[in-house]
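Beneath this line is the structure, given in structure tokens, with notes to follow.
Scope of the values below: all heavy atoms of this structure, side chains included, with no hydrogens, waters or symmetry mates.
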Protein chains: 2
Amino acid sequence: MAETPGVVRITDVAALAGVSPSTVSKALNDTGSLRPATRARVREAAERLGFVPDAQARSLSARRSFTVGLLSTDSAGRFSLPVVLGAENALVGGQISALLATARHDAVREQHHVRSLVARRVDGIIVTGRTTDPRPPIRVPMPVVYAFAPSQDPDDASVVPDDAAGMTAVAEHLLSLGRTRVAYVGGRGDQAASVQRHAALAAALAAHGARIVGEPQFGEWSERWGRLAVDVVLGDHRAGDPLPVDAIVFASDQLARGGCDRLRDRGVRVPEDVAVTGYDDWEVMALASRPPLTTVDPQLDRLGQRAAELLLAAIDGRPAHGTELSPPRLVVRGSTAGDS
Amino acid sequence: MAETPGVVRITDVAALAGVSPSTVSKALNDTGSLRPATRARVREAAERLGFVPDAQARSLSARRSFTVGLLSTDSAGRFSLPVVLGAENALVGGQISALLATARHDAVREQHHVRSLVARRVDGIIVTGRTTDPRPPIRVPMPVVYAFAPSQDPDDASVVPDDAAGMTAVAEHLLSLGRTRVAYVGGRGDQAASVQRHAALAAALAAHGARIVGEPQFGEWSERWGRLAVDVVLGDHRAGDPLPVDAIVFASDQLARGGCDRLRDRGVRVPEDVAVTGYDDWEVMALASRPPLTTVDPQLDRLGQRAAELLLAAIDGRPAHGTELSPPRLVVRGSTAGDS
DNA sequence: TACCGTGAGGAAAACGGATTCCTAGTTTCC
DNA sequence: GGAAACTAGGAATCCGTTTTCCTCACGGTA
């Protein structure tokens, strides 16, 4: 093959600067001892030619690939996508490239992807999942950080959203508005997100002498269930009667949006009669809801970023252990406060 | 460095199969002349060990990296995500890995990513965008396929959703239901998706002797605008009066959902009085709408897959030129048909 | 002036594992 | 029994950057 056009090699830079390739390498990597003038001349030549060192050749001597794998069990990506993007973004800063591997919830495919990443000698892997339920660890000869879905092995490095902090913020927000009769509506009862959020809400309310009204309601993660759950919570309440609750905490924005719709249908005013909160800050839901939802933004991009930081540190020989919580952010909108 | 544990090399397979590395290579690549029995034995050994050839070493002799870049201008990814996933999926089949590069709508960052991909000697690049509006081409010394957002250069290989086909299907569906007084509500008037869909709808209706009632309405891609647009379309219509339209075609599911909500608020029955259609088949919108939306699924995963196929062909020396249309699929639900 | 230390830059080896000639050994068929 | 065809191994090859020596020149010191 003739030399590929458009690709600039270190020898081209060397020729333009009138030095040897090794000098170029030293100049660009700030190693060796060179006269400042030479260094500058080489730098300028590299700049002029738009030289970017060949990553493959680079990894040859460096014995690392400057590449990490992003393994996602969740191809649909409602949650893992922001995590992946956050991670990718943080990696770019460190001159690291991201290999995408989506396994669409299929163990065989995942195994295949893992092998492929190992074959490519990635420096590390970030594993994300579809839910916050702990997942089986992968066994690979390089550092791994689990993001969003933690590893079942508590010694592995994981970063998960701090749902307890999120729900505590919700509870304190509601209490500060004087709401004390709070109902909880979750999604699937077999998932950590439903259960943990309930537990955190109950604990936060209890800490201020309040508690959840009635049983927590579990169903599915859909607007439909949000609507139905409102009927369950309100029971046979009729317009004019005193309401059994003055706030409903939903475990997702979808649920909360369905809830708002149903409350409106039944003539219950939000937030005057009943305050409503969601979770996730999925803007397309939270903003389209009437009224817009007070919710918790889990800041998944930051979570992904943090996972990338931990992975880079591990690659650098400073591995982390255990599960780290990534802080959420309360977003107050019209469904609890009257101002919008 | 001692041999990294967990990494299976060709020598390991060779040892297990009791042959030499070169024999393993020939067996797995179907080259050279080997006894079928030997081939089978090697294959089994490779299978047992989970051998995946080191991509770097492979690229040494093959003079290609077996890696392609997925350059996305759209980090949020409502549309580019399915495209990227579809592409990634198609690539995996060809033993190709996907390097993710998201540029979040920033030319400088994009340039940086492009350089990085070139430095990694990717075999090709798939470029996706946030909208279907044509985008400036990138200049790189390897094949490029533009997916979703076509290149401004008509000679470049692009794959875009066939909105005309989608809207034609919508028009024919409505006409088959006897609806002839059709209004159109688009999103942003400066975007191709809004404008082209309108043109296609108008043309399809005209082909059957019908035409769009009133002016096309353009606004923004939100449920809010969908609601407002209904008021514009219905004008000062009051319950009981004959309606000015018997169908409203919205350019997105979000718009259509807002439209349905507003129609219901005003006492107009969907689909009995007015049929409603959306676009995108964004399930979280289309299914949560009351009634569920008849819509067009652009099948973006297939589009991404097709882009990957074209790229692989181009890498293989058979480049494509011009823009290819990727077929959509009409999804009929309760907002036009009564059955659900 | 001779010697040594040091700074600057070049030459060449190392990096890595799959691939691919080329050749030797083995079978098969007249 | 010999020649052709087949099978499989040995060793060179692939790539561009990094890194390790080395050399050479220069200046300071004895």
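- Residue A/Thr23 places at least one side-chain N or O closer than 4.0 Å to OP1 or OP2 of C/dG10.
- Within the 4.0 Å cut-off from OP1 or OP2 of C/dG16, at least one side-chain nitrogen or oxygen of A/Arg63 is found.
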Can you check salt bridge (charged side-chain N to carboxylate O under 4.0 Å, His left out) on B/Arg306 and B/Glu309, steps first, answer last? CA-CA 5 Å; B/Arg306 182 67 187 139; B/Glu309 287 169 16; 2.8 Å; yes
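- Regarding A/Arg64, its CZ atom lies at a distance of 18 Å from the P atom of D/dT17, rounded to whole Å.
- For C/dG10, one of the phosphate oxygens OP1 or OP2 lies less than 4.0 angstrom from a side-chain nitrogen or oxygen of A/Ser20.
- Within 4.0 Å of A/Thr38, counting heavy atoms only, lie sugar-phosphate atoms of the nucleic acid but no base atom.
- A close approach under 4.0 Å does occur between a side-chain nitrogen or oxygen of B/Arg35 and OP1 or OP2 of D/dA8.
- Going from atom CD of A/Gln56 over to atom C1' of C/dG16 covers 11 Å, rounded to whole Å.
- No hydrogens or angles considered: nothing links the side chains of B/Thr31 and B/Asn29 as a donor-acceptor pair under 3.5 Å.
- What separates CG of B/Leu60 from P of D/dT17 is a distance of 13 Å, to the nearest Å.
- Out of D/dT17, D/dG10, C/dA11, the shortest distance to the side chain of A/Ser22 is found at C/dA11.
- Spacing between atom CZ of B/Arg121 and atom P of D/dC15 amounts to 12 Å, rounded to whole angstrom units.
- Between A/Thr73 and the options A/Arg104, A/Arg130, A/Arg135, a side chain to side chain donor-acceptor pair (under 3.5 Å) holds for only A/Arg135.
- Using a 4.0 Å cut-off, some side-chain N or O of A/Arg58 falls inside it from OP1 or OP2 of D/dT18.
- A donor-acceptor contact under 3.5 Å links the side chain of A/Ser61 to the base of D/dT17.
- Using a 4.5 Å heavy-atom cutoff, the side chains of A/Glu110 and A/Val114 are in contact.
- Taking atom CG of B/Asp54 as the reference point, atom P of D/dC15 lies 17 Å away to the nearest angstrom.
- Separating the CG atom of A/Leu49 from the P atom of D/dT17 is a distance of 12 Å, rounded to the nearest angstrom.
- Atom CG of A/Asp12 is separated from atom P of D/dC15 by 15 Å (rounded to the nearest Å).
- Protein atom CD1 of B/Ile10 is 8 Å distant from nucleotide atom C1' of C/dT19, rounded to whole Å.
- Using a distance-only test at 3.5 Å, with no hydrogens or angles considered, no donor-acceptor pair links the side chain of A/Ser72 to the main chain of A/Thr102.
- Under a 3.5 Å cut-off, the side chain of A/Asp301 and the backbone N or O of A/Pro82 do not form any donor-acceptor pair.
- Taking OG1 of A/Thr67 as the start and CZ of B/Arg120 as the end, the distance is 3.5 Å to the nearest 0.5 Å.
- One finds a side-chain N or O of A/Asn29 lying less than 4.0 angstrom from the OP1 or OP2 phosphate oxygen of D/dT18.
- Comparing B/Val52 and B/Lys26 by the nucleotide of DNA chain C whose heavy atom lies nearest to each, the residue mapping closer to the 5' end is B/Val52.
- Across all strands shown, B/Phe66 has no heavy atoms under 4.0 Å from either base or sugar-phosphate atoms.
- Computed from C1' positions of five pairs at each end, the angle between the two local axes of the helix from C/dT1-D/dA30 to C/dC30-D/dG1 equals 60°, rounded to 10 degrees.
- Exactly one residue among B/Val7, B/Asp12, B/Ile10 makes a side-chain contact (heavy atoms from CB on, under 4.5 Å) with B/Phe51. That residue is B/Ile10.
- Nearest to the side chain of A/Leu34, among D/dT17, C/dT19, C/dG9, sits C/dG9.
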